[in-house]
Colleague: 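This is the structure I have questions about; it appears just below.
Computed from a predicted structure; not experimentally measured.
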Amino acid sequence: MVNKGETFDTTSRNFEKLRESGIKSSVMIINGLGGLNYMEQHAKNSARLINIIQPEYLSTLVLSFPFGLEHYKNRFGGDYLEMNIIELLREQHLFVSGIDAENIVFRSDHASNYLSLKGILSRDKNVMLAKLETAIKHPQAAGLRPEWQRGL
C-alpha cells in the first residue's frame, strides 16, 4: 500500500549483501505507517526483518502527513485509520519487544517521537520496554513530547 519499491525478501537479501561487503547499516522504522488496521502486522514484521538483517543502527520515527491525512488515506483506498499517541506507543512496544538483537544501537529520539528512547538493544531493551509501558499506562506522567515540540 505504501509502495516503497522493496519487499521483505528483497530488503533481507540486500542487507545480506551489505553485511558481506563489510558495510554498516542503519534502518529507520516509521511507527504508524500501516495505521491502526495494520499496526500489529507492521510491528511484528518489522521486528522479524530486524532480527534477520541485524543492522548496526536502528531508529524509529512517527509517521507525519505532509500532504494531509486525506491524501495518505487515499493511498490505502480509504482503509487507513490514524493512530493516537497510546496506539503509537503500543506499536513501538510490540516492535521493540519482538527484536532479538546483538549490539544494535537504537534511537527513538527524532522530533516526531512522543517518547525519546536510546540504548543498545541487547543491553537496554528491558529498560526501554519499561519506559514504554509506563508511558502507555500513565502518559501524563511519562514526559511525552508535546505536539508543539515535535517540529512537524
Colleague: Can you tell if the side chain of L63 reaches within under 4.5 Å of the side chain of E82, non-hydrogen atoms only?
Modeller: no
Colleague: Show every donor-acceptor pair shorter than 3.5 Å between a side-chain atom in residues 94-103 and any protein atom, with sequence neighbours excluded, or say none if there are none.
Modeller:
{"residue": "S97", "atom": "OG", "partner": "H93", "partner atom": "O", "Å": "3.0"}
{"residue": "S97", "atom": "OG", "partner": "L94", "partner atom": "O", "Å": "3.0"}
{"residue": "N103", "atom": "OD1", "partner": "S122", "partner atom": "OG", "Å": "3.3"}

Colleague: Verify the distance criterion only: is there a donor paired with an acceptor across the side chains of E147 and Y114 at less than 3.5 Å?
Modeller: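 Yes, because at least one side-chain N or O of E147 sits under 3.5 Å from a partner of the opposite role on Y114.
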Colleague: Rest of the hydrophobic cluster containing Y57 (Ile/Leu/Val/Met/Phe/Trp/Tyr, side-chain heavy atoms under 4.5 Å)?
Modeller: V105, I120
Colleague: What class does the angle between the rings of F76 and Y38 fall in, given that below 30° is parallel, 30 to 60° is tilted and above 60° is perpendicular?
Modeller: tilted
Colleague: Could you check if a side-chain atom of I136 sits within less than 4.5 angstrom of a side-chain atom of E133, using non-hydrogen atoms only?
Modeller: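 Counting from C-beta outward, I136 and E133 never come under 4.5 Å.
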Colleague: Taking transitive links into account, so neighbours of neighbours count too, which hydrophobic residues share a cluster with F67 at under 4.5 Å side-chain distance?
Modeller: none
Colleague: If the condition is salt bridge (charged side-chain N to carboxylate O under 4.0 Å, His left out), which residues does E40 pass it with, not counting sequence neighbours?
Modeller: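 Per chain and number, E40 pairs via salt bridge (charged side-chain N to carboxylate O under 4.0 Å, His left out) with K44.
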Colleague: If a pair satisfies salt bridge (charged side-chain N to carboxylate O under 4.0 Å, His left out) and one of its residues is in residues 88-97, list it, with sequence neighbours excluded.
Modeller: none
Colleague: What residues form a side chain to side chain donor-acceptor pair (under 3.5 Å) with D124, not counting sequence neighbours?
Modeller: none
Colleague: Just so I know, are the side chains of S12 and L49 near enough to count as touching, which here means a heavy-atom distance under 4.5 Å?
Modeller: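 Contact flag for S12/L49 side chains = yes.
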Colleague: For R19 and E16, what are the C-alpha separation, side-chain angles and deciding distance, and is it a salt bridge (charged side-chain N to carboxylate O under 4.0 Å, His left out)?
Modeller: CA-CA 5 Å; R19 186 177 8 265; E16 181 61 31; 3.3 Å; yes
